[in-house]
Amino acid sequence: MDKERQTLEQWIENAQNIVFFGGAGVSTESGIPDFRSVDGLYNQKYPWPPEEILSRDFFFSNTEEFYRFYRDKLIVHAKPNPAHLRLARLEKQGKLLAVITQNIDGLHTAAGSKRVYELHGSIWRNHCLSCGRSMPLEELEQTAGVPRCPACGGLVKPDVVLYGESLDSQVLAGAISALRRADLLIVGGTSLAVYPAAGLLQYYQGGRLVVINRDATPADSWADLVIRNPIGRVLGEAADG
């Protein structure tokens, strides 16, 4: 283990309230493409830009096309990688206070983490806009075209935050509370380019900040430790000693 990872492990050992703030780079090692990578959604050709398709206005005005794209590109079944698993173990050990994620794939929960603040929602949850009935992903996948509520026939919407929608206030409040209580913040697999999510880091008032990301981020200049490696490699190898 190199010096950077040794330092990280020592800080993890000494910390009592760790918060992990992650983005798409946490999921790429599970085979889920990053939106902005060479093969990501923003570099693929569709009749509309992904930002437009994944907007609230498009969902209501062109629902069938929305769901064609959503089923094809956003519903992904993958397995947690070493980063997800390590974070779940740290929570079980009583050291990790919470995971704050910009991802919608549910992999932190699948790995066993209990306190997960999903800023942008989750593909695993859907609900009827008319009667509020929940529709789990397994049920939605059994439908074709635009999914309708079996109880009332209403339109079903994924519980993901679309462009033009606000973040959930309860999720935000939980994430902010965790950041304010943290004594070690690990930021991993995110360029911190997506707002308002990235702006949450201003609420961290604790001790050390660690940034683990392939590329530079705005937080590098005030981080106590910056590691230029994939998050799964860093936490996975650290977990194995």
Side chain N103, main chain G23, donor-acceptor under 3.5 Å
yes

Only one of R71, E139, E141 passes side-chain contact (heavy atoms from CB on, under 4.5 Å) with P147; say which it is.
R71

Report yes if the side chains of R89 and K92 come closer than 4.5 Å at any heavy-atom pair, otherwise no.
no

Given 3.5 Å as the limit, does a donor-acceptor pair link the side chain of T190 with the main chain of G22, or not?
no

Linked, directly or transitively: I227 and L192 (ILVMFWY side chains, under 4.5 Å):
no

Heavy-atom closest pair (S113 atom, V99 atom, distance to 0.1 Å) is OG-CG2, 4.3 Å

Interatomic distance, S166 atom OG to L172 atom CG [nearest 0.5 angstrom]:
9.0 Å

Report the distance from atom OG of S55 to atom CZ of F66, rounding to the nearest 0.5 Å.
8.5 Å

For G154 and S130, the nearest pair of non-hydrogen atoms, with its separation, is CA-OG, 3.6 Å

Close side-chain approach of I12 and R86, heavy atoms under 4.5 Å
yes

Surrounding CD of Q202 (heavy atoms of other residues, nucleotides or ligands, distance under 6.0 Å), is the total greater than 12?
yes

Could you state whether L107 and Y117 fall into the same hydrophobic cluster, counting links through intermediate Ile, Leu, Val, Met, Phe, Trp or Tyr residues with side-chain heavy atoms under 4.5 angstrom apart?
no

Euclidean distance, I100 CD1 relative to L179 CG, rounded to 0.5 Å
3.5 Å

Between V146 and L54, is there a shared hydrophobic cluster once you connect ILVMFWY residues whose side-chain heavy atoms come closer than 4.5 Å?
yes

Does a sphere of radius 6.0 Å around CD in E138 hold more than 12 heavy atoms from other residues, nucleotides or ligands, not counting ones at 6.0 Å or beyond?
yes

Using a strict threshold of under 4.0 Å (side-chain N to carboxylate O), is an ion pair present between R5 and E9?
no

Is a side-chain N or O of K95 found less than 3.5 angstrom from the main chain of I18, in a donor-acceptor match?
no

Side-chain donor/acceptor of H120 to backbone N/O of I104, under 3.5 Å:
no

Test side-chain contact (heavy atoms from CB on, under 4.5 Å) applied to R228 and I212, V234, D220, D215, the passing residue:
D220

State whether the side chain of D168 and the backbone N or O of G121 hold a donor-acceptor pair below 3.5 Å, judged by distance alone.
no

Can you spot which of L87, T109, V171 makes a side-chain contact (heavy atoms from CB on, under 4.5 Å) with V116?
T109

P50 side chain near K73 side chain, heavy-atom distance below 4.5 Å:
no

Report the C-alpha separation of V187 and L201 in whole Å, then their side-chain angles, then the decisive distance to 0.1 Å, and conclude whether the side-chain contact (heavy atoms from CB on, under 4.5 Å) test is met.
CA-CA 9 Å; V187 175; L201 266 62; 3.9 Å; yes

Any donor-acceptor pair under 3.5 Å from N62 side chain to F58 backbone:
no

Under the 3.5 angstrom rule, does the side chain of T7 hit a backbone N or O of K3 as a donor-acceptor pair?
yes

Please indicate whether R148 has more than 12 foreign heavy atoms, meaning atoms of other residues, nucleotides or ligands, lying under 6.0 Å from its CZ.
yes

Say whether V160 and I32 are linked into one hydrophobic cluster, either directly or through other cluster members, by side-chain heavy-atom distances under 4.5 angstrom.
no

Checking the side chain of D183 only, and the main-chain atoms of Q16 only, is there a donor and an acceptor separated by less than 3.5 Å?
yes

Counting only heavy atoms from other residues, nucleotides and ligands, does the tally under 6.0 Å from CZ of R133 exceed 12?
yes

To the nearest 0.5 Å, what is the distance between NE2 on H108 and OG on S27?
6.5 Å

Evaluate the side-chain contact (heavy atoms from CB on, under 4.5 Å) criterion for residues L225 and R208: first the C-alpha distance (whole Å), next the side-chain angles of each, then the deciding distance (0.1 Å), finally the verdict.
CA-CA 8 Å; L225 178 64; R208 296 184 172 101; over 6 Å; no

Looking only at heavy atoms, which two atoms of G232 and N81 are closest? And how far apart?
CA-OD1, 4.4 Å

Classify the ring geometry between Y70 and Y67 as parallel (under 30°), tilted (30 to 60°) or perpendicular (over 60°).
perpendicular

For F21 versus L119, what's the shortest heavy-atom pair and its separation?
CE1-CD1, 4.1 Å

Looking at SG of C149 and CE of M135, how far apart are the two atoms once the value is rounded to the nearest 0.5 Å?
6.0 Å

As an exercise, state the distance from CG of L185 to OH of Y204, rounded to the nearest 0.5 Å.
5.5 Å

Does the side-chain contact (heavy atoms from CB on, under 4.5 Å) test come out yes or no for I231 and N213, once each step is laid out?
CA-CA 7 Å; I231 181 69; N213 199 53; over 6 Å; no

Check whether any side-chain heavy atom of S30 lies under 4.5 Å from a side-chain heavy atom of K79, and answer yes or no.
no

Could you report the tightest heavy-atom contact between H127 and G132, atom names first, then the distance?
CB-O, 4.3 Å

Can you check side-chain contact (heavy atoms from CB on, under 4.5 Å) on I75 and L137, steps first, answer last?
CA-CA 9 Å; I75 297 180; L137 179 60; 3.8 Å; yes

Could you tell me which non-hydrogen atom of D105 sits nearest to which non-hydrogen atom of W124, and how far apart they are?
O-NE1, 2.8 Å

Using only atom types and a distance under 3.5 Å, with no angle test, would you say the side chain of R115 pairs donor to acceptor with the backbone of L97?
yes

Are the side chain of E51 and the backbone N or O of Y163 linked by a donor-acceptor pair below 3.5 Å?
no

With hydrophobic residues grouped by side-chain heavy-atom distances under 4.5 Å, do L184 and L90 end up in a single group?
yes

